[in-house]
Participant: 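One structure is given below, represented as structure tokens, and several questions about it will come after.
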4 protein chains.
Amino acid sequence: MQVGLVGLGKMGLNLALNIMEHGHEVIGYARTKATVDKAAAQGIKSAYSLEELVGQLKTPRLVWLMIPAGLVIDEVIEQLLPLLTPGDIIVDGGNSHYRDTLRRYQYLKEKGIRFADSGTSGGMEGARYGACCMVGAEDEVFAYLEPLFKDITVPGGYLHTGPPGSGHYVKMIHNGIEYGMMQAIGEGMEVLAKGPFKLDLKAVARVWRHGSVIRGWLMDLMESALSKDATLESIKDIAYSSGEGLWTVEEALRLKVPAPVITAALLMRYRSEQEESFATKVVAALRHEFGGHDVARK
Amino acid sequence: MQVGLVGLGKMGLNLALNIMEHGHEVIGYARTKATVDKAAAQGIKSAYSLEELVGQLKTPRLVWLMIPAGLVIDEVIEQLLPLLTPGDIIVDGGNSHYRDTLRRYQYLKEKGIRFADSGTSGGMEGARYGACCMVGAEDEVFAYLEPLFKDITVPGGYLHTGPPGSGHYVKMIHNGIEYGMMQAIGEGMEVLAKGPFKLDLKAVARVWRHGSVIRGWLMDLMESALSKDATLESIKDIAYSSGEGLWTVEEALRLKVPAPVITAALLMRYRSEQEESFATKVVAALRHEFGGHDVARK
Amino acid sequence: MQVGLVGLGKMGLNLALNIMEHGHEVIGYARTKATVDKAAAQGIKSAYSLEELVGQLKTPRLVWLMIPAGLVIDEVIEQLLPLLTPGDIIVDGGNSHYRDTLRRYQYLKEKGIRFADSGTSGGMEGARYGACCMVGAEDEVFAYLEPLFKDITVPGGYLHTGPPGSGHYVKMIHNGIEYGMMQAIGEGMEVLAKGPFKLDLKAVARVWRHGSVIRGWLMDLMESALSKDATLESIKDIAYSSGEGLWTVEEALRLKVPAPVITAALLMRYRSEQEESFATKVVAALRHEFGGHDVARK
Amino acid sequence: MQVGLVGLGKMGLNLALNIMEHGHEVIGYARTKATVDKAAAQGIKSAYSLEELVGQLKTPRLVWLMIPAGLVIDEVIEQLLPLLTPGDIIVDGGNSHYRDTLRRYQYLKEKGIRFADSGTSGGMEGARYGACCMVGAEDEVFAYLEPLFKDITVPGGYLHTGPPGSGHYVKMIHNGIEYGMMQAIGEGMEVLAKGPFKLDLKAVARVWRHGSVIRGWLMDLMESALSKDATLESIKDIAYSSGEGLWTVEEALRLKVPAPVITAALLMRYRSEQEESFATKVVAALRHEFGGHDVARK
């Protein structure tokens with residue numbers, strides 16, 4: 001297959017190499033020349049504009065977007081539309097909100113452009129050596145793309161989840177679960193670090209990787225992180241978030257699904273981003289009011 | 001009545017004045033001479049040792065302990081025991097854990113000393129002008145003490161909750177509820193402070209005091225705190241805790257009562273005391289491992 | 001003043017009587033004739049259509065909407081618009097989402113209709129005998145309406161919170177805090193009910209009303225509810241919600257304000273509405289898978 | 001090696017077979033004859049009393065306890081003590097609370113009996129084909145036992161965590177993390193089940209096993225459970241717990257580590273065990289009191 005890849009960032013470049021290694025042709029485009037050049041140095045065919053990118057693709061063209069969620073995707077689609085012809089395919093391989101994906105699918109359908117959304121998991125390593133792809137697409141579109149998904153994923157690592165939007169939906173929930181799991185690991189590790197035994201956290205993470213109930217890739221990464229910095233002293237205690245945890249919580253609320261664990265994981269990230277908690281100041285002030293309890297003053 | 005008051009701190013001194021104003025005689029003792037002198041200056045009869053305190057009391061002696069929960073209470077009881085005679089009464093008016101209270105009640109009973117536990121709410125203002133007392137005691141002991149409780153509380157503000165221990169139990173839960181309410185107010189106030197409207201928080205607290213569903217003393221205190229510092233800028237965002245919130249959570253866990261709100265209120269206080277969250281560092285490290293996401297470095 | 005009141009339900013009828021008793025003229029309209037007749041029997045002037053309602057009002061007309069949040073409000077506004085003339089005033093006294101309120105304000109402004117949103121707290125009793133009103137309105141509109149708000153609220157019980165939308169915003173947060181407080185009380189009561197002491201919960205609620213830190217209207221209502229049914233045996237354990245708790249949580253998420261207590265209160269309501277928790281089934285199934293733990297079978 | 005195994009339940013029998021297959025001699029004892037016979041049928045040497053068990057062991061004897069946490073362990077130890085001689089070793093391979101373990105270690109040390117605690121993870125399958133063992137023991141004891149641990153675990157699947165007690169401590173936290181992870185998966189699955197797309201949950205679990213960030217053994221089990229019952233309709237929504245989640249939460253509280261995710265996971269299990277939530281009834285009653293909101297009546 002021939003793939004026009006828009007976006008050559010951390011995920012995009014790894015994916016490009018992955019696709020290429022499986023015998024497909026990749027033409028890569030990114031907004032900055034330096035990014036394209038860097039990809040070109042690794043063997044990716046380069047395009048310095050969307051026109052150039054589309055110009056190198058045979059119909060039906062396949063354009064894979066690997067760019068951050070948000071309005072940029074709509075902009076790129078608008079720029080692509082005049083260049084594409086009916087029957088061409090756009091794949092959104094990023095973390096778009098499934099409602100945006102549904103809207104884009106409908107919009108593109110009216111223009112005769114086919115569409116698939118691929119929730120892509122596995123991090124940079126997955127993008128490079130075998131990802132996990134949750135694909136929302138019409139049956140015919142999925143059938144056309146399936147060989148590509150088979151190549152770029154680990155064995156068993158792709159699924160046609162259903163109609164367009166469903167791929168990003170399943171990926172959103174995947175990330176919500178990930179939030180909960182990561183916070184659970186963090187809490188457990190903190191207890192271990194503060195508990196009565198002097199433990200080698202890296203060795204604990206390692207043994208948990210082998211045969212335990214909680215073994216899995218996150219535990220593999222836990223050992224890896226602790227191998228680099230056994231006490232995590234180089235890392236600040238701020239955990240950012242990029243949207244999908246929030247979306248999962250919002251979706252759960254919408255469906256009235258009580259999701260206290262995923263929600264708590266999200267809220268603790270938000271708390272970690274705060275320089276100051278006004279809610280806490282209120283609590284401290286109230287304590288002082290009724291009990292004359294000491295309040296830490298600035 | 002004649003009351004020997006052990007402990008003349010924030011709560012103790014106010015309570016002493018309250019008792020005295022209702023025509024009772026108060027002999028006050030505290031560990032430091034300066035504290036006793038300060039109370040004496042306000043008309044409290046002074047005792048500079050427990051011996052002196054007990055020496056001034058007629059039998060059956062009534063000794064009211066108004067000292068922080070913890071081992072000090074056991075120490076004071078041990079020091080009092082040789083000075084007291086069977087039939088004397090010890091009241092623990094502080095925030096002891098109800099299990100300690102049960103133990104002390106049994107211990108004192110064997111020595112012939114009568115006992116009551118009074119969970120005392122209402123803050124310093126309540127101690128001074130009318131508290132809320134939840135009293136655990138044998139019926140006969142409560143009947144003897146009732147006139148005193150009637151005097152030092154607001155109308156309707158005392159209750160014989162049941163046998164010894166029950167007063168502190170009910171007070172413990174009272175404080176657990178208080179934790180939840182305070183955190184709820186804090187969260188709401190923080191949303192107001194960060195929301196799209198420029199609001200006068202003090203005015204909001206004030207209007208909520210009058211006719212709203214959430215009116216109550218905590219809202220009165222909220223207005224008071226905001227009157228002194230409209231943005232709480234002088235207060236650090238650290239909310240300490242003194243035990244009863246934790247005990248409520250532990251008791252709920254023991255009884256398998258899901259108490260997520262009281263628990264979350266407690267955990268947010270603990271979070272506020274942390275200089276650094278190791279759990280968050282773990283989450284940040286894991287994000288970096290799989291996604292190459294930026295991690296804040298020290 | 002002359003008030004055209006749309007909506008004569010639980011809140012509307014009580015408010016109508018409240019307004020009337022303060023010397024204002026109330027013309028009441030509701031969708032069903034029976035509701036209007038019932039109000040008329042209590043002295044409210046009746047209107048059986050919006051036309052009839054508006055026809056009885058002198059300019060500048062004042063139409064107060066006291067109907068549930070949602071699309072009905074837009075419908076009523078559309079029906080009113082041809083009947084009103086520039087300078088007339090619409091007050092939305094219900095629990096509309098502040099974003100809907102902002103939209104309606106803009107829309108009505110273009111038509112020359114003035115607008116105010118009144119977050120109205122205090123329940124049915126407040127509507128009848130003195131509410132708490134948080135009023136969003138332009139200064140000139142608020143000044144015009146102020147005498148009415150002064151009359152229908154308890155002393156100190158109204159506030160001009162700011163521009164249109166701010167009244168509903170503040171009321172939304174009020175309700176969020178209310179969710180947290182109610183759940184905190186519920187959790188505490190459940191511990192008391194299951195704890196080691198046989199307690200008279202009604203008496204506990206009563207003593208907490210007098211002098212305690214957590215005294216307030218919710219505790220008054222707690223005693224009232226337990227007076228009617230000491231064990232709440234007549235009530236099912238389902239707690240519905242009508243939107244504002246959810247909106248508060250959504251707003252907190254939007255602003256990245258960690259609000260775990262208000263959120264947990266909402267989630268426990270959602271949990272209470274579930275006939276079956278699929279999440280729990282997953283947990284039970286997983287336990288069974290790895291440990292052969294007993295799983296309750298249907 | 002020669003291992004005297006006390007307890008031939010789900011975990012014990014599997015472990016016995018595992019040990020035996022690695023060339024060790026296992027003498028198995030259980031309280032009921034039928035259980036011993038069943039083990040004997042699979043080749044385990046049988047003992048119908050502790051005396052018989054100990055009688056077959058050569059010194060230094062190795063007795064491995066694989067019985068549920070709780071007082072039974074102390075009973076068995078008391079029964080074993082007169083039969084053992086100094087230098088013999090007891091291994092507690094179950095889920096004892098680490099404080100009990102510390103106490104037992106001290107107690108046995110005074111008697112000259114050596115001790116190790118092995119937190120054993122991996123479920124029945126792990127016990128049978130390769131577990132994960134977190135071992136607390138004195139260095140010399142661990143060194144002596146290491147060949148056995150190497151044999152019964154998967155490669156990399158054992159760790160000398162530190163002194164006695166540390167094995168059970170690390171296992172306790174492992175299980176706490178497990179609680180959080182399982183609830184996170186449950187919540188995500190529930191959103192998928194109720195969301196806008198008709199998804200094949202089993203297929204989703206399967207694809208997540210291959211290349212996703214949340215891949216791991218729990219996801220393997222998720223697919224397995226859904227393979228047997230695609231909608232989990234045969235399972236009741238009750239998730240029991242056996243102690244270690246609670247202990248983790250208690251330990252976190254003791255250390256003031258905010259662990260909202262593990263705690264929420266535990267509370268949702270407790271909630272699932274409730275036939276009726278009194279807290280919810282309180283919330284419903286309060287709503288009815290102030291707003292006249294409908295309350296579901298029995």
Side-chain angles (χ1 to χ4, degrees), chain A residues 10-11 122-126 178-179 182-183 185-190 193-194 217-218 220-222 224-226 228-229 232-240 242 260 264-265 268-269 271-272 274 276-298, chain B residues 10-11 122-126 178-179 182-183 185-190 193-194 217-218 220-222 224-226 228-229 232-240 242 260 264-265 268-269 271-272 274 276-298:
Chain A
K10 286 175 301 201
M11 292 294 285
M124 292 185 298
E125 186 185 308
E178 180 189 291
Y179 273 55
M182 287 164 74
Q183 176 70 18
I185 294 172
E187 292 173 10
M189 283 289 163
E190 185 172 332
K194 297 188 177 163
W217 198 45
L218 284 168
D220 299 345
L221 298 176
M222 186 77 260
S224 170
L226 291 166
K228 295 167 190 161
D229 178 357
L232 302 182
E233 65 186 344
S234 69
I235 292 175
K236 274 200 188 158
D237 64 337
I238 303 176
Y240 301 106
S242 52
M268 291 312 271
R269 291 203 187 181
R271 182 65 182 81
S272 81
Q274 293 195 301
E276 191 170 69
S277 161
F278 191 74
T280 303
K281 296 173 76 152
V282 166
V283 171
L286 289 174
R287 283 190 89 227
H288 181 67
E289 285 292 320
F290 67 70
H293 295 292
D294 285 341
V295 57
R297 293 279 174 192
K298 286 194 176 174
Chain B
K10 285 174 303 197
M11 293 295 285
M124 292 185 299
E125 187 186 308
E178 181 189 290
Y179 273 56
M182 286 164 74
Q183 176 69 18
I185 293 172
E187 292 172 9
M189 283 289 163
E190 185 171 332
K194 296 187 177 161
W217 198 46
L218 284 169
D220 299 346
L221 298 176
M222 188 76 259
S224 171
L226 292 166
K228 294 166 191 163
D229 179 357
L232 302 181
E233 66 186 341
S234 68
I235 293 174
K236 273 199 189 159
D237 64 336
I238 303 176
Y240 301 107
S242 51
M268 291 312 270
R269 289 202 189 182
R271 182 66 181 80
S272 80
Q274 296 195 299
E276 192 170 70
S277 161
F278 191 74
T280 303
K281 294 172 77 153
V282 167
V283 172
L286 290 174
R287 283 189 89 224
H288 181 68
E289 285 293 320
F290 67 71
H293 294 291
D294 285 340
V295 58
R297 293 277 175 192
K298 285 192 176 175

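Lettering follows sequence order; numbering is per chain, from 1.
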Participant: Mind listing the closest non-hydrogen atom pair of A/Ile185 and B/Val282 along with its distance?
Facilitator: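 Minimum heavy-atom separation between A/Ile185 and B/Val282: CG2-CG1, 4.1 Å.
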Participant: What distance separates A/Phe278 CZ from B/Glu187 CD, expressed to the nearest 0.5 Å?
Facilitator: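 These two atoms lie 13.0 Å from each other.
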Participant: Pick whichever of B/Gly126, B/Ser224, B/Gly123 has the most heavy-atom pairs under 4.5 Å with chain A.
Facilitator: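 The answer is B/Ser224.
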Participant: What distance separates A/Leu221 CG from B/Arg287 CZ, expressed to the nearest 0.5 Å?
Facilitator: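 Taking CG in A/Leu221 and CZ in B/Arg287, the distance rounds to 13.0 Å.
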Participant: Measure A/Ala285 against the heavy atoms of chain B and call it side chain, backbone, both or neither at under 4.5 Å.
Facilitator: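 Both the backbone and the side chain of A/Ala285 come within 4.5 Å of chain B.
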Participant: To the nearest 0.5 angstrom, please state how far the CE atom of A/Met268 sits from the OG atom of B/Ser277.
Facilitator: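 One gets 6.0 Å once the value is rounded to the nearest 0.5 Å.
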Participant: Name all residues meeting the side-chain contact (heavy atoms from CB on, under 4.5 Å) criterion together with A/Ala239; count only those two or more places apart in sequence or in a different chain, and write none if there are none.
Facilitator: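 Residues passing side-chain contact (heavy atoms from CB on, under 4.5 Å) with A/Ala239: A/Arg269, A/Ser272, B/Thr280, B/Val283.
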Participant: Atom CG of B/Asp237 and atom NZ of A/Lys281: how far apart are they, to the nearest 0.5 Å?
Facilitator: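 Going from CG on B/Asp237 over to NZ on A/Lys281, the span is 6.5 Å.
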Participant: Report the option among B/Leu218, B/Leu232, B/Ile238 that has the most heavy-atom pairs separated by less than 4.5 Å from atoms of chain A.
Facilitator: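 Result: the option with the highest number of such pairs is B/Leu232.
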Participant: Quick check: closest heavy atoms across A/Glu178 and B/Phe290, and the distance to 0.1 Å?
Facilitator: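 It is OE2-CZ, 3.1 Å.
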Participant: As an exercise: rank A/Met222, A/Glu125, A/His288 by heavy-atom pairs under 4.5 Å with chain B and give me the winner.
Facilitator: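 Among A/Met222, A/Glu125, A/His288, the one with the most close pairs to chain B is A/Met222.
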Participant: How would you list, by chain and number, every residue that makes a salt bridge (Lys or Arg N to Asp or Glu O under 4.0 Å) with B/Lys228, sequence neighbours excluded?
Facilitator: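 Counting only residues at least two positions away or on another chain, B/Lys228 forms a salt bridge (Lys or Arg N to Asp or Glu O under 4.0 Å) with A/Glu289.
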Participant: Please report the closest heavy-atom contact between A/Ala284 and B/Lys236, naming both atoms and the distance.
Facilitator: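 So the minimum-distance heavy-atom pair works out to CB-O, 4.3 Å.
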Participant: Nearest heavy-atom pair of B/Ala279 and A/Glu190: which atoms, and what distance?
Facilitator: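 Closest pair (atom of B/Ala279, atom of A/Glu190, distance): N-OE1, 2.8 Å.
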